[in-house]
Every structure is written in structure tokens, then in C-alpha cells.
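Working notes, structure below.
Numbers for residues simply follow the sequence, beginning at 1.
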Amino acid sequence: MIKITLTDGSVREAEEGSSVLDVAKSISRGLAKEAVAARINGEIQGMNHVLHNDCTLEILKFSDSDGAHTFRHTASHVLAQAVKRLYPEAKLAIGPSIDNGFYYDFDLEYRFTEEDFPSIEKEMRKIVEENLELERFELPRKEAIAFMEEKDEPYKVELINDLPEDSIISFYKQGDFTDLCAGPHLSSTSPIKAIKIQSVAGAYWRGSEKNKMLQRIYATAFPKQKELDEYLAMLEEAKKRDHRKIGKEMDLYAIYDEGPGFPFFLPKGMIIRNELENFWRKEHAKRGYQEIKTPLILNEDLWHRSGHWDHYKENMYFTKIDDGDYAIKPMNCPGSMLVYKRKMWSYRDFPIRMGELGQVHRHELSGALHGLMRVRTFTQDDAHIFMLPEQIKEEVSGVIDFIDYVYNLLGFEYHVELSTRPEDSMGTDEEWEAATDALRSCLEHKNVNYVINEGDGAFYGPKLDFHLKDCLGRTWQCGTVQLDFQMPQRFDLTYVGADGEKHRPVMIHRVIFGSIERFIGMLTEHFAGKFPLWLAPVQAKLLTVTEKFADYAKELAARFEEAGIRVETDIRNEKIGYKIREARNERTPYIITIGEKEVETGVLAVRSSKEGDLGQIAANELVDRLVQEIKEKRC
């Protein structure tokens, strides 16, 4: 018998050789029915995985992130099998699960269109109904290559060739279809009850423009049709909220062919941006941050010292100045190192908090660009905190509190991920362990729930990632707190300790908005353009019923402006219904209609974009109401 420790701490015994599914059934038939995967000693495995030793076990459902990925990974195999049945000449590339769905890349002379989607979906549903068992088997590398060559799958052969010669290669078979895959997978195809192919796009093999362009079919899958229907409804709502569409309608920002990935902020968009940046400056000053500004271009030697040359240069832009090699900064931190090094510090000076709204440039493939969400230049609301080792807990905790304050003010829920050491990293195991333990300790001290995101840390240190949840349930990674022992070493940062000797400081890299551009894009979609009053480009709009009330509208506008309210007047000779519709389309928070009655009484007809018709409100009372709402930054 083997002992299995469950997530609640209880221990169950099972026969050696039992599968995860057997254990799930012994706990509850209902649990076994919903189970899609398991986490065994921290590793994700399929339900058919056989247990031979004592272990920890967590049964995963579709509602768990790793469970959904396993479910959709299997769905990607169903997609590939369906395509191979319909188009036997198609060559298979890769087909991973992604957030909210999956894709598969195909090399096929025939070009897929939306008209092909129904027939592929029909074949996928047929495969699901066949209830094909997914069977794992392994082959030595040489045999695996021969196996894929026999099937005429050159992309799979290339992937196997890249593996070490002593590798044992795993495959998954379902009926007449076999794919190279590490897994894990569902036990069979039958749980995939609801399928939707969403789009097809071009994708370079292995992401390189030097390789062949393949066809990538995107799709999603759910255990129940109701869940798929709800997801598709959410996508339709997301289309209405697309920041690119709303940004154009509200005249906030634009991206032109002359600068792909380089956004232009228009006057109204600059109001939103400036309000966020002014708020940022005010709140940082309260917390003892000093603002700095570092150059956009610095010489190549700096980027060698920082480690970016070895770990990030594929994402960087370069130039020559006076026959010297320079780089346009992709990150702000090396500049902060130079600011620190300008003088010798004492232990009494710490912590030193430097904030910077720093513009950075990063090379993104053209196919990855997406409005404000994925650009080639953006402004990070960066800060670098230099501290004594004994100040780590207090400073990290302070940053967590700061981030929590900002997100709560804007009405966002969020969750935290602790991202650990990536494969491409600097430093010793001991340093990484110390930094990771320090972040973990801060989270646990503050009773912050978190999940581990293995291998997704920065190349110089582990990090906490804050993922905001918007009104549609989508998550956006915004805030980051990175604990770094490496940069102070690489730049030889020192301070004089109480013992009169030189010591090495520790530093934090952190952002709250992340990218100002991306954050504004996210806010645009979250609020559907109906920004909180303090952020709205136009906070109130005065509409006259006829032109004869224009003088009163202008007089009233002056009172609003004097109170610090951003106001526009519409005194055109147009029908009032047309003016109201136009103002509503512009997402103006407060629309005030001015006619004869309003002029005579000084009582205004007011409509709120969020609350609807507010009825009659005295002018002075309305001004006071708006001023208070702006001051409190209500959402």
C-alpha cells in the first residue's frame, strides 16, 4: 500500500499501481466525474497516471487553471486529428493550450477560411463522440525520429532532433491519430462537449521570420455548452469594449502606418494619461519616493554590465553614435544603477526610493502588436528601492500595500503569482533561494493568497506579479515586484555600514500600472470608455435646446471651469435628441440639457452615464457634487 496526502492534509491509502482516477473514485464518484488532471508532488499529470510511491495529490477540475490547460491541450489534439482526417496532406507543427483556448499550427497548401470551420468542428465532435482513449507510449530518440519520418511529419522530426541523443520521447495515441507530446492529457476525448473554432492566422514556424509561414487555427473548448455560450457572449461584449474601437470613437489615441507599434496620444487621451501620472507622482511623494529621469539611449557597455545583452538583446533596438555602439533602453533599471553610483551612501540613508516614469522601447514582431496592449514603446511607472538586507520585509510589504491601495481605488480585484527562477537567469542557487523565500515570507506575513508560477521570474530575480480582474472576468498582468541581488553585484553598488566597511545593498524593481499605455487600454475596456469622473477627458457637457440659450451655457461653463471641472458646450443649431445621442456616444459622464426652464430657474436637467436620468439639480449643487466626486476619485 502507498500513502497519498491530499490537499486538506488527510492521508489515504491505495494499492501500488492505482491510477489517479482510481483514487479520485475512492474519494467521490462526483469528483472523479469532474476531474481532468492532477498535481502529484507539484507536477501536473493525467488521470491515467499510475502511482507507485507515497505522494501528495491534488485533483484538478476544469475550473482550475492547470486543469483547463490539460483539457484544452487534449482538445488541440482533437483539432489536429480532425484536420488530418479532412486534409491528410497537412503537416503537423505544434498545438499548445493557451489562456481561454488552444491552437494548432499546420503546413498545408490549401488555405483555411471561416467557411471551413463548420466541417472541422463537425469532425472534432465526431472524434469526441468516438470516446477515444489517449494512450501514452515512449520511444528512444532514434526510433522516435524514424517513427515520425514514416508518418512524413518533418516538423516533429525537427523537434525531436533538437533533443539530446539519450532522450526518451513520449507520444500520445487516440484512435487513428498519434502525436509527439509530453502531455498530460485527459483519459479520453469524451469530456470535450463544447467546441468552437474562432479564427485562423499566419504564424512563422518557431516564431522566426526566417522560417516558413504556417496556418494557425485558434479554438476553444469547454465541458458544457452553457459555459461555451457564456464565454462567446463575453467575447461579443469584449468586442464592443475594444479599446481600439472606443479610443477612435472618443478621439483618445491612434496608431498610424508610419509608426507601427508606436502610439500617438491625442489631446483627450493625454488628459487621461496626465491624470494617472499626476496621481502617480502625488502618491509616490507621500511614500518617500524621489523622482528621476534617465536617458533613452545608453552605450552598449552598460547593457553588457546589466546582463540585458546576454539575456534580452533580441528584444532591443540599437544605434551608432560617434562610431560607438549604443542601445535604446528596453528597461529603466540600468539608468537607476548609475544614479545610485553617483555618490557613496551610508547605511543611515536607507531605504532609498527612486521613481521614474521611464519610456522604453522593445522589439515586438508585427503580428504580436495590438493597439495599446502590445506596442514597441511604452512608459513604465518604474521604481527602484535600494535597501539593507534587514529592510527587505518592510519594503516589500510597503510596496504590496501601495499596489493594493491603487487597485482598490480603481475598483479592481486581483490575484498574486510568485514567479520563480527561469532557465535563462543570473546568480547562484543560494541567492535565488534567499530572494524567493523573502518574497514568499512577505506574502505569508500579510496573509496574501498566491500561486506559484514556476520559471517565470526575471532573469535577475524572482517576482510577484499582480493580475487584475476586469468586469468581464479577464485578467491583466499589471503590477510587479522583483527582488534583485544580481544588479547590485554587476554594478558594484556599495554602502558604508555601521562597521565602517563597504557592503552590498539589495534592491527592488517594481511597477504598479506596469505600462501606462497598456493600463489605459485596459481601463478603456474595463469601463467601456465610461471612465471614472476624475479620469474622464470631458467631465460634463452642456447642451442647448436652441441657440438662444448659448450665452447661459457659456456662463455656466465658466462656473464649471472655475471649479476645476472639464466641460464642453454644444450650442449648435441641431435637434436636442441628436446632441444627446452624440454626447452619450462620447461617453460623457454628465450631460446637462439647457432650455428656457433651466435658464429661468437655475435648476438643470442632468443625465449620468452610469446612473441614468438624475432629474432636476440646482447648478451650484451639481458643481459641488462633481467636485466632490472628482476629489474622492470614485469609480
Side-chain angles (χ1 to χ4, degrees), residues 238 241-281 283-284 291 293-297 312 315-317 328-333 335 355-383 403 406-407 409-410 412 414 465-470 472 474-480 509-532 534-537 587:
R241 292 169 176 263
D242 190 320
H243 72 283
R244 296 168 298 179
K245 172 178 175 287
I246 292 174
K248 185 174 182 179
E249 293 170 352
M250 296 181 68
D251 203 29
L252 302 178
Y253 27 77
I255 296 178
Y256 301 109
D257 292 340
E258 290 82 354
F262 299 96
F264 286 65
F265 274 80
L266 307 176
K268 289 182 178 179
M270 280 303 299
I271 291 172
I272 300 171
R273 185 184 185 111
N274 286 336
E275 287 292 341
L276 285 172
E277 292 185 359
N278 291 340
F279 168 72
W280 184 92
R281 288 189 168 96
E283 294 301 327
H284 279 74
E291 187 173 0
K293 193 74 171 176
T294 61
L296 284 175
I297 300 175
Y312 208 76
N315 298 90
M316 295 169 65
Y317 295 113
I328 302 172
K329 67 176 179 180
M331 297 180 187
N332 297 304
C333 38
E356 177 177 14
L357 291 168
Q359 185 180 7
V360 298
H361 289 72
R362 299 179 184 177
H363 177 61
E364 297 283 356
L365 295 176
S366 58
L369 300 176
H370 180 77
L372 297 181
M373 303 302 194
R374 199 71 177 265
V375 292
R376 286 170 169 159
T377 183
F378 55 93
T379 300
Q380 287 186 306
D381 63 317
D382 248 324
I403 293 174
V406 173
Y407 293 169
L409 180 74
L410 290 165
F412 285 111
Y414 65 88
D465 289 326
F466 291 73
H467 296 258
L468 298 188
K469 184 178 180 180
D470 71 10
L472 297 180
R474 300 173 300 179
T475 57
W476 306 87
Q477 196 273 306
C478 293
T480 297
H509 310 245
R510 57 111 280 225
V511 295
I512 298 177
F513 298 140
S515 153
I516 296 286
E517 288 76 4
R518 186 168 180 265
F519 199 78
I520 290 173
M522 187 264 292
L523 288 176
T524 303
E525 297 194 0
H526 177 68
F527 293 114
K530 297 178 181 179
F531 294 98
W534 68 281
L535 287 174
R587 284 89 169 169

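Put simply, the side chain of Glu356 never gets that close to the backbone of Asp382: no donor and acceptor are under 3.5 Å apart. Side-chain atoms of Thr475 do not come within 3.5 Å of backbone N or O of Lys469 as any donor-acceptor pair. Between the side chain of Arg518 and the backbone N or O of Gln477 there is at least one donor-acceptor pair closer than 3.5 Å. For the pair Arg510 (side chain) and Gly479 (backbone), a donor-acceptor distance under 3.5 Å is absent. Lys293 places a side-chain N or O within 3.5 Å of a backbone atom of Leu357 that can act as its donor or acceptor partner. Lys329 places no side-chain N or O within 3.5 Å of a backbone atom of Gly358 that could act as its donor or acceptor partner. Using modelled atom types, no side-chain atom of Asp470 and backbone atom of His526 make a donor-acceptor pair closer than 3.5 Å. Using modelled atom types, no side-chain atom of Asp465 and backbone atom of Thr480 make a donor-acceptor pair closer than 3.5 Å.
With sequence neighbours excluded, the residues satisfying side-chain hydrogen bond (donor to acceptor under 3.5 Å, both in side chains) with Thr379 are Arg273. In this structure Tyr407 satisfies the side-chain hydrogen bond (donor to acceptor under 3.5 Å, both in side chains) test with no other residue, sequence neighbours excluded.
For Lys530, the NZ atom sits in a loose shell: 12 or fewer heavy atoms of surrounding residues, nucleotides or ligands are nearer than 6.0 Å.
Below 30°, between 30° and 60°, or above 60°: for Phe265 and Tyr253 the angle between ring planes is above 60°, a perpendicular geometry. Using cut-offs of 30° and 60° on the angle between ring planes, the pair Phe279 and Phe513 is tilted. Ring-plane geometry between Phe466 and Tyr414 is classed as tilted, the angle between the planes lying from 30 to 60 degrees on a 0 to 90 degree scale.
Scanning all heavy atoms of the two residues, the minimum distance from Pro263 to Leu372 falls at CB-CD2, 3.6 Å.
If you look at Trp476 and Phe412, their ring centroids are not closer than 6.0 Å.
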